[in-house]
Amino acid sequence: MIDLRSDTITKPTQEMREAMAQAIVGDDVYGEDPTVNELEKTAAELVGKESALFVASGTMGNQVAILSHTERGDEVIVDTAAHIAKYEVGAPAMFAGVQLRLVDDLLLGNTIDKIKKAYREENIHFPVTRLVCLENTFNSGGGTIMPAEKMREAYQLAKDLNLKLHLDGARIFNAAVACQCDVKEFTKYCDSVMFCLSKGLGAPVGSILAGDKEFIKKARKYRKAMGGGMRQAGILAAAGLIALKSIDRLAEDHSNARLLAEGLSQIKGIKVDLERVQTNMVYVEVDNAAAFVAELEKNGVKANAIAANAVRFVTSREVTREDVEKVIQIASRIAGNK
Ligand code: TLP
């Protein structure tokens, strides 16, 4: 089976498994797990923040961030199609008790204008606008990159309006690798950033939330409240440390995604917006996504139908260049024009 459903399907490497087996551990709730401590320190330095927290998942990282930045009843500006709004089970309402101010095309459109319009001045009728959440790369946008300059402007505006800015950077290293720049070029323009170890970087479990010391102190307490005090989590952090050494290999996923996109775009009945293929994702438009995906699966290829006429393919360490070539052949056979 060639699995292109997500980069979350990556399995730990042999090196990770060995590091996990040998990890020195302690009780992380007491702050005594040396491997977790090392991961948190390394991760904070990598993204240029004072402090970091190892969390169970990207969703937990985003939700702990929202809890730590806001008060109940506050409003959070976020793209309608952002992961936080679309795929986190309504958790901002469930845990932080905040209202999401959903903005269409916040991320791909004129972000600055859209934040200005969504922001609410003090008024007895209005909630307090407290936080803006950006996402980079933008999953539902096709794995697109928000340029660092745009992030800089958004961060400046957030400061001017006295708002906090959280970055859902689940795949921020994909953005950095694609731009051939230091990840700090992006992360310096946010108050907090979450990134995932368990996607393209290949760790089995875990994400990082980073920010200033005060913020992480608060976040640590909220993580505990959410049941995320993971005790001998060094077993997992050991894999995370190895994952951080494999950032450069994301370039391979990007070139495989490009190859896949170009191949699929030649097939009648499949539409691909090549401009949006900037990292490790390929979104395509087909007439009947469910039927197309079912046919692919019969032929040994897994992809995700994410709307009635949209299919997402994600490249990862589990998918080779030869696999991609095979997928193009299979897709073109299914589409029946070659
Ligand atoms: N994304 C998953 C699914 O939930 C859609 C995927 O397969 O892409 N932020 C972004 C931008 C994400 O894409 C994801 C996961 C998360 C946060 C949440 O991470 P986890 O799955 O670790 O909770």
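Heads up: numbering here begins at 1 and tracks the sequence. Since this is a predicted model, take the numbers as computed values, not measurements. Counting starts at 1 for both ligands and their atoms, following the listed order. FYI, side chains are in, hydrogens and waters are out, and symmetry mates aren't considered; it's all heavy atoms of this structure.
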task: Please say whether Ser6 places an N or O atom under 3.5 Å from an N or O atom belonging to ligand 1.
output: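 Among all N and O atoms of Ser6, at least one is under 3.5 Å from an N or O of ligand 1.
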task: Using distance alone, determine whether Arg171 and ligand 1 share an N or O pair under 3.5 Å.
output: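 Between Arg171 and ligand 1, an N or O pair is found under 3.5 Å apart.
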Which protein heavy atom lies closest to [atom], and at what distance to 0.1 Å?
{"atom": "atom 11 (C) of ligand 1", "answer": "Glu135 OE2, 3.3 Å"}
{"atom": "atom 20 (P) of ligand 1", "answer": "Gly58 N, 3.5 Å"}
{"atom": "atom 9 (N) of ligand 1", "answer": "Asp168 OD2, 2.7 Å"}
{"atom": "atom 5 (C) of ligand 1", "answer": "His83 NE2, 3.8 Å"}
{"atom": "atom 21 (O) of ligand 1", "answer": "Lys199 NZ, 3.8 Å"}
{"atom": "atom 23 (O) of ligand 1", "answer": "Thr59 OG1, 2.6 Å"}

task: Would you check, one step at a time, whether the test side chain to side chain donor-acceptor pair (under 3.5 Å) holds for Ser140 with Lys86?
output: CA-CA 9 Å; Ser140 293; Lys86 210 172 157 186; 3.1 Å; yes
- prompt: What are the two closest heavy atoms between Cys196 and Leu201, and how far apart are they?
  reply: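 In this case the closest contact between Cys196 and Leu201 is O-CD1, 3.8 Å.
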message: salt bridge (charged side-chain N to carboxylate O under 4.0 Å, His left out) for Arg258 and Glu262? Distances and angles first, verdict last.
response: CA-CA 6 Å; Arg258 174 55 40 189; Glu262 280 168 4; 3.3 Å; yes
- prompt: Among Thr279, Thr137, Leu108, which one satisfies side chain to side chain contact (heavy atoms under 4.5 Å, CB included) with Thr144?
  reply: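 Only match with Thr144 under side chain to side chain contact (heavy atoms under 4.5 Å, CB included): Leu108.
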